[in-house]
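Structure first, commentary second.
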Amino acid sequence: MDASAGWARMWRLLNEEERSILRANSIIAHYKRNQIIYSEGDEPKEMMCLLKGKVKIAKEGVGGRSQIIRMIRPIQYFAYRAYFAKERYLTSATACDLSTVCAIPMTIVDMLIHANSRLAMFFIRQLSADLGIADERTVNLTQKHIRGRLAESLLFLKDSYGLEEDGATISIYLSREDLANLSNMTSSNAIRTLSSFASERIIAMDGRKIKLINEDQLRKISRMG
């Protein structure tokens, strides 16, 4: 797999010498399902781009309860914020599926940024967009009721990973615990709410597979909170 495929959004901002440096220092790694990519407290050394698969970014909260902060989809960059903040990772990253990640040392990224103002602006915009998404998510997870939070999470997964060939099944299979951690609720509440959605014919469930039957109603529940 060509490493340049992962850095496509950065690629057009670089000259040929910078592209050669990026290509020469990129490392492609493969992760199994549930394999940890980095852990909370680790020193940030690489910026990563997900080439294939699905990755969850989570943070351990009170009592050891995990909160899923973000879900990474191809082609998205991650694992670089902590380096710029001069701190260790505040989160952990885990593969949700067989995943392929392209990584480049942050020392190389830092060097390229100092030499290329357009690349620096790229990261400013990227971090600003991520901050805006985080702000909106914080409000939604704290102000919406349980049904609204779970509806939003299901729609987020659908919008992020798409649907399978049947045009209805969300193309990611998360455990009930992960759905709960994504929606800021307990696993028991997530199970009860999913069952409620299924009985109302909003969704259908087959193990970890979730099929959207009435997406309009799900969006209404999410919107009303």
Donor-acceptor pair, distance only, cut-off 3.5 Å: does the side chain of [X] make one with the backbone of [Y]?
{"X": "Gln76", "Y": "Arg73", "answer": "yes"}
{"X": "Thr138", "Y": "Ala134", "answer": "yes"}
{"X": "Asp42", "Y": "Ser39", "answer": "yes"}
{"X": "Tyr38", "Y": "Tyr89", "answer": "no"}
{"X": "Ser26", "Y": "Leu22", "answer": "yes"}
{"X": "Arg33", "Y": "Asp97", "answer": "no"}
{"X": "Thr193", "Y": "Ala190", "answer": "no"}
{"X": "Asn116", "Y": "Leu13", "answer": "yes"}

Identify whether NZ of Lys or CZ of Arg in Lys54 sits under 6.0 Å from the centre of the six-membered ring of Tyr161 and within 45° of that ring's axis.
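Judged by the rule, Lys54 and Tyr161 form a cation-pi pair.
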Can you confirm if the NZ or CZ of Lys158 lies within 45° of the ring axis of Phe156 and under 6.0 Å from the centre of its six-membered ring?
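No; the conditions do not both hold, so Lys158 does not lie above the ring face of Phe156.
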How many angstroms lie between atom [atom1] of [X] and atom [atom2] of [Y], to the nearest 0.5 angstrom?
{"X": "Tyr173", "Y": "Cys96", "atom1": "OH", "atom2": "SG", "value": "13.5 Å"}
{"X": "Cys102", "Y": "Ile75", "atom1": "SG", "atom2": "CD1", "value": "9.0 Å"}
{"X": "Thr91", "Y": "Glu60", "atom1": "OG1", "atom2": "CD", "value": "12.0 Å"}
{"X": "Arg118", "Y": "Met10", "atom1": "CZ", "atom2": "CE", "value": "12.0 Å"}
{"X": "Arg19", "Y": "Trp11", "atom1": "CZ", "atom2": "CH2", "value": "6.5 Å"}
{"X": "Asn214", "Y": "Ile221", "atom1": "CG", "atom2": "CD1", "value": "8.5 Å"}

Name of the residue among Ile57, Leu157, Val55 meeting side-chain contact (heavy atoms from CB on, under 4.5 Å) with Met71:
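Of the listed options, the one satisfying the test is Leu157.
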Measuring centre to centre across the rings, with the benzene-like ring taken for any Trp, is Tyr77 within less than 6.0 Å of Phe123?
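No: the rings miss the under 6.0 Å criterion.
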Co-members of the apolar cluster containing Ile124 [side chain, <4.5 Å]:
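Result for Ile124 is Met121.
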Only pairs at least two apart or in different chains count here, so list each salt bridge (charged side-chain N to carboxylate O under 4.0 Å, His left out) that has a residue in residues 172-193.
Lys56-Asp178
State whether the number of non-hydrogen atoms from other residues, nucleotides or ligands found under 6.0 Å of [X] atom [atom1] is greater than 12.
{"X": "Lys59", "atom1": "NZ", "result": "yes"}
{"X": "Leu90", "atom1": "CG", "result": "yes"}
{"X": "Met205", "atom1": "CE", "result": "yes"}

Where is the tightest heavy-atom contact between [X] and [Y], given as atom of each residue plus distance?
{"X": "Lys211", "Y": "Thr169", "answer": "CE-OG1, 3.7 Å"}
{"X": "Glu215", "Y": "Leu155", "answer": "CG-CD2, 3.9 Å"}
{"X": "Glu18", "Y": "Leu14", "answer": "OE1-CA, 3.3 Å"}
{"X": "Ile170", "Y": "Leu154", "answer": "CD1-O, 3.7 Å"}
{"X": "Leu163", "Y": "Ala168", "answer": "CD2-O, 3.6 Å"}
{"X": "Arg88", "Y": "Ala82", "answer": "O-CB, 3.9 Å"}

Could you go step by step and tell me if Ser222 and Lys144 meet the side-chain hydrogen bond (donor to acceptor under 3.5 Å, both in side chains) rule?
CA-CA 8 Å; Ser222 174; Lys144 286 186 177 182; 3.2 Å; yes
May I ask you to check whether [X] and [Y] show a side-chain donor-acceptor distance below 3.5 Å?
{"X": "Tyr31", "Y": "Thr100", "result": "no"}
{"X": "Arg147", "Y": "Ser196", "result": "yes"}
{"X": "Gln217", "Y": "Arg201", "result": "no"}
{"X": "Thr107", "Y": "Lys45", "result": "no"}
{"X": "Asp110", "Y": "Tyr83", "result": "yes"}
{"X": "Gln67", "Y": "Asn181", "result": "no"}

Charged N to carboxylate O below 4.0 Å: is that the case for Arg149 and Glu152?
no
Mind checking side-chain contact (heavy atoms from CB on, under 4.5 Å) for Leu131 and listing every partner two or more places apart, or none if nothing turns up?
Asp135
